[in-house]
Amino acid sequence: LAFTRCDRFGAGCKVVTVPAPAGTTPYGEPSGCHIPVLVDSATSELVMVRTWSGDQTYVHRCSFDGTRCTAHKTNVAPAGGCNVAFLRPAESKILVVQLAGNINPRLIRCSYDATSCNEELLSPGTMGRFSAAIDENEKKLLIVGIHSGDSSRFTRIRCNLDGTGCEAK
């Protein structure tokens with residue numbers, strides 16, 4: 001896991017490697033997946049969500065210059081799919097959407113330091129590639145994905161931010 005850091009003019013760039021947690025190796029992101037990188041302006045840190053060794057989902061926090069990196073192992077088993085993550089400073093939460101078993105969307109809600117997490121299966125669905133967003137006006141989580149059984153159809157799920165009250169269409 002690495003990122004490139006440049007000055008505000010795009011010069012003086014350097015590659016910063018985020019160390020793997022002790023005793024782990026990269027699991028490898030599924031094809032078409034990207035590691036979510038979030039900016040926590042309150043703590044001046046980058047926040048990244050990654051699965052290591054097929055073991056657990058980790059939340060990494062690094063200062064903007066790439067120093068002082070920490071990895072917090074969540075208490076939630078990895079789902080094996082792509083991660084989409086959101087910071088919720090007002091609620092002191094990190095939200096991560098994954099596909100459990102590569103077809104069932106789930107929400108992982110962690111404390112800001114990732115020491116305490118819980119998960120909710122959002123909908124027994126058959127979803128392949130997906131994207132997620134938060135509707136700030138309605139305070140809802142929106143997930144849209146390609147139906148895994150019919151790639152010409154989309155599945156939409158709308159839930160409360162705690163993973164309850166889900167509606168699937």
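Side-chain atoms are counted along with the backbone in the values below, which use heavy atoms only and exclude waters and symmetry mates. In what follows, residues are counted from 1 in the order of the sequence shown. The structure presented is a predicted model; accordingly, all values stated were derived computationally and were not measured.
- Once rounded to the nearest 0.5 Å, the distance linking OG1 of Thr115 with NE2 of His72 reads 8.5 Å.
- The shortest side-chain heavy-atom distance between Phe130 and Val84 falls under the 4.5 Å cut-off.
- Interatomic distance, Lys93 NZ to Ile108 CD1, rounded to the nearest 0.5 Å: 13.0 Å.
- Nearest approach of Cys62 to Met48, heavy atoms of both residues: SG-CE, 3.8 Å.
- Annotation for Ala85 and Leu38: closest pair O-CD2, 3.4 Å, computed over non-hydrogen atoms.
- Closest of all the heavy-atom pairs between Ala168 and Ile157 is CB-CG1, 4.2 Å.
- Counting heavy atoms from C-beta on, the side chains of Leu141 and Val97 come closer than 4.5 Å.
- Phe86 and Ala132 get closest at one heavy-atom pair: CZ-O, 3.5 Å.
- Residues Arg61 and Ile94 have side chains in contact (heavy-atom distance under 4.5 Å, counting atoms from C-beta outward).
- In this structure, the side chains of Val39 and Leu46 come closer than 4.5 Å at one or more pairs of heavy atoms.
- Rounding to the nearest 0.5 angstrom, the gap separating the CD1 atom in Ile143 from the CZ atom in Arg156 is 11.0 Å.
- Between the NZ atom in Lys14 and the CG atom in Asp65 there is a gap of 6.0 Å [rounded to 0.5 Å].
- Using a 4.5 Å cut-off on side-chain heavy atoms (C-beta onward), Arg109 and Glu91 make no contact.
- Atom CG of Asp40 and atom OH of Tyr112 lie 3.5 Å apart (nearest 0.5 Å).
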task = May I have the step-by-step check of side chain to side chain contact (heavy atoms under 4.5 Å, CB included) for Arg88 and Leu95, ending in yes or no?
result = CA-CA 7 Å; Arg88 304 293 297 166; Leu95 305 181; 3.7 Å; yes
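- The main-chain N or O of Gly163 is never found under 3.5 Å from a side-chain atom of Asn160 such that the two would form a donor-acceptor pair.
- Under the 3.5 Å distance criterion, the side-chain polar atoms of Arg5 are matched with a main-chain donor or acceptor of Phe64.
- Asn137 meets the side-chain contact (heavy atoms from CB on, under 4.5 Å) test with Asp135; sequence neighbours excluded.
- Closest heavy-atom contact between Asn83 and Pro36: O-CG, 3.6 Å.
- Shown here for Leu107 and Leu161, the closest heavy-atom pair between the two residues is CD2-O, 3.4 Å.
- Atom CG of Leu142 sits about 10.5 Å away from atom CD of Glu167, to the nearest 0.5 Å.
- A donor-acceptor distance shorter than 3.5 angstrom exists from the side chain of Ser111 to the backbone of Ser116, with no hydrogens or angles considered.
- Using a 4.5 Å cut-off on side-chain heavy atoms (C-beta onward), Ile146 and Phe154 make contact.
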